[in-house]
Amino acid sequence: MIQSVGRAARILKALGSESARLGVTELAERVGLAKATVYGLLRTLEAHQFVQQDLETGKYRLGPALLQLGNAFLDHHELRARSLLWADALAARAREAVHVGVLYGPNVLLVHHVFRPDHSVQILLVGASIPWHACALGKAIVAYLEPAQRRELLAGPLPRLTGRTLTTRQALLSELDRVVAGGVAVEDQEAIVGEAGLAAPLFDNRGAVVGAIGLAGPVEHLLPDGPAAEAVAAVKQAARGLSRELGAGRLSAPGAGA
Amino acid sequence: MRSWLGGVAARLEAERDFLTQLDAAIGDADHGINMHRGFAAVMRKLATVDRATPGQLLRVTGRTFVSTVGGAAGPLYGTAFLQAGETLGDEGSFGPRRLLEALRASLDGVQRVGAASEGDKTMVDALAPGLAAYELELRTGGSLETAVRAGREAAAEGTRATVPMQARKGRASYLGPRSVGHQDPGATSTALMFAALEQAVLADRSQRFATGSRTRASRR
């Protein structure tokens, strides 16, 4: 490991976890380094626009180059790039928000988010990270992982996010069986009270699961009396279409007959 | 009880835009509108209820809330009111101790549905300290009046304390560090209910002084 790169990364993370700007002294305390060291790192990061100094107070915050890198990450993300049209179509058809996510450790990283098409104020969740066991996307992905990977995730921490989060290995195992049986994962207020989700897995040309696409919205819309049949059909169709575009054969997509 | 619910409705109406603004930073910008709509529905419903015990009024409030308010606020506040209403039962009046039990049942209900603890940046950060301060004041010889004041102050303080917190529950938790620096809308609306509670208790007392009513003993 290169020490100075690690230190620079810690400085960036410290700045990213604070809404207020930080001075050199505060930053030095947070990352446990000498002020002179932190100052040198900040000057270098500033030259690359990874941090910005406020001229009046002399304090630092994150710089614009990070946004460009973040956008580049998303632009180069093949799944995201290919999902744009499918996600838009799904949102328009179901009149709900669409999430596209990939598994990143024990969490689902949202790489794409289409707002519910009703002109209401919504907050962009791209980049958000949700524990796999609490969301439809995560359950849709994990249900189709190799058994070894699935076991590892089931053995990991399963934090409770609401009163309805499934937090036992046994409950999640039966839940994953239900996902495979129905070809769709259902989330009933397991991550956020009042919020539901429906998601289906996405496969690549090797037939491996690479992510999931789904709807997120008020529980009374998506699960009026069990999962809304039309919404389930829309999610499955979008997942099948997108998987084909990613090179998956017709047979590897689950629930192809539905 | 009616006076308290009416006070909550009035405050929610006045603070609707503020709550919505708070929610826009870390949520879906619908908390103010949802709470206002829910309580407007509650007021319409209560206007049709002629004679009811405090517990019944709370249960009507809870049911109306669940059926008219979307998002997290409907189930969470709906449960809180329902549980409080169940606790008060069908008795014609209640005293400070019963109110304590009702508040505790509300907190339990909210935590059962939302699984939130103090420090998660939710309504629990106003409800739990408000309840604790109310209880402490009662146990150390305070009156109902001083207890509701202590509750109001602690709930407001708990709400302010949500500003630097990183959300661990609800949609705001998806934002991770970006949720830091914003006051939680749910804690804010809960603190507002404690403020309305104090006001209703004070109004009730002055009314009893004015009418010379001797119902005081029956309320203990």
Side-chain angles (χ1 to χ4, degrees), chain A residues 12-22 30 61-62 70 96-97 99 101 107-110 113 115-116 118-131 134-135 137 158-167 188-197 216-222, chain B residues 17 20-34 38 65-80 108-117 120 122-124 163-183 185-186:
Chain A
L12 291 176
K13 283 181 182 167
L15 287 171
S17 63
E18 274 292 324
S19 61
R21 295 168 190 189
L22 293 176
R30 301 271 160 113
R61 61 172 172 144
L62 296 176
E96 290 295 346
H99 292 172
N107 296 314
V108 171
L109 175 72
L110 293 190
H113 174 196
F115 285 165
R116 185 173 58 245
D118 63 0
H119 306 291
S120 62
V121 180
Q122 293 162 66
I123 200 154
L124 187 65
L125 296 176
V126 170
S129 174
I130 311 166
C135 64
L137 294 171
L158 304 165
R160 176 173 292 286
L161 299 190
T162 73
R164 287 173 175 267
T165 314
L166 303 178
T167 55
D188 181 5
Q189 311 180 68
E190 291 148 60
I192 297 179
V193 175
E195 286 266 318
V219 62
E220 63 272 21
H221 290 185
L222 290 177
Chain B
D17 292 345
T20 292
Q21 207 182 324
L22 288 177
D23 198 28
I26 53 174
D28 255 2
D30 58 3
H31 189 60
I33 296 156
N34 278 341
F65 226 76
V66 170
S67 60
T68 53
V69 180
L76 289 171
Y77 274 115
T79 302
D108 289 349
V110 165
Q111 292 191 301
R112 200 165 51 245
V113 173
S117 314
D120 285 353
T122 70
M123 64 188 285
V124 171
V163 173
M165 290 177 187
Q166 177 170 330
R168 287 196 294 253
K169 291 289 177 327
R171 196 190 314 275
S173 68
Y174 288 1
L175 302 175
R178 279 165 66 203
S179 64
V180 173
H182 302 281
Q183 183 170 308

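This one's a predicted model, so the numbers in the text were calculated from it and none came from an experiment. Just so we're on the same page: letters track the sequence lines, and every chain starts at 1.
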Check: Would you say the side chain of A/Thr162 lies within less than 4.5 Å of the side chain of B/Arg112, judging by non-hydrogen atoms?
Finding: no
Next item on the list: Name the option with the most non-hydrogen atom pairs under 4.5 Å to chain A; the candidates are B/Asp28, B/Asp120, B/Asp30.
Entry: B/Asp28
Notebook entry, point to check: What part of A/Glu195 gets closer than 4.5 Å to chain B, counting heavy atoms only: side chain, backbone, both or neither?
Noted result: side chain
Checklist line | Best-contacting candidate, B/Ser173, B/Gly27, B/Ala116, B/Ala24, against chain A by heavy atom pairs under 4.5 angstrom | finding: B/Gly27
Checklist line | Set of residues satisfying salt bridge (Lys or Arg N to Asp or Glu O under 4.0 Å) with respect to A/Glu96, sequence neighbours excluded | finding: none
Note to self: Quick check: closest heavy atoms across A/Gln189 and B/Pro75, and the distance to 0.1 Å?
What the structure shows: OE1-CG, 4.3 Å
Next item on the list: Select, from B/Gly176, B/Pro164, B/Gly170, the one with the greatest count of heavy-atom pairs under 4.5 Å involving chain A.
Entry: B/Gly170
Next item on the list: Taking the side chain as every heavy atom from C-beta outward, state whether B/Leu175 and A/Leu125 have any pair of such atoms under 4.5 Å apart.
Entry: yes
Notebook entry, point to check: Of the backbone (N, CA, C, O) and the side chain (C-beta and beyond), which part of B/Arg171 lies under 4.5 Å from a heavy atom of chain A, both, or neither?
Noted result: both
Margin query: What part of A/Leu124 gets within 4.5 angstrom of chain B, counting heavy atoms only: side chain, backbone, both, or neither?
Written below: backbone
Note to self: With a 4.5 angstrom heavy-atom cut-off, is it the side chain or the backbone of B/Ala73 that approaches chain A, or both, or neither?
What the structure shows: neither
Checklist line | Atom of A/Gly16, atom of B/Pro177 and distance for their closest heavy-atom approach | finding: O-CB, 3.2 Å
Next item on the list: Kindly indicate whether the side chain of A/Ile123, heavy atoms from C-beta on, has any atom under 4.5 Å from the side chain of B/Tyr174.
Entry: no
Next item on the list: Taking all non-hydrogen atoms of both residues into account, name the closest pair between A/Gly163 and B/Ala115 and its distance.
Entry: N-CB, 3.8 Å
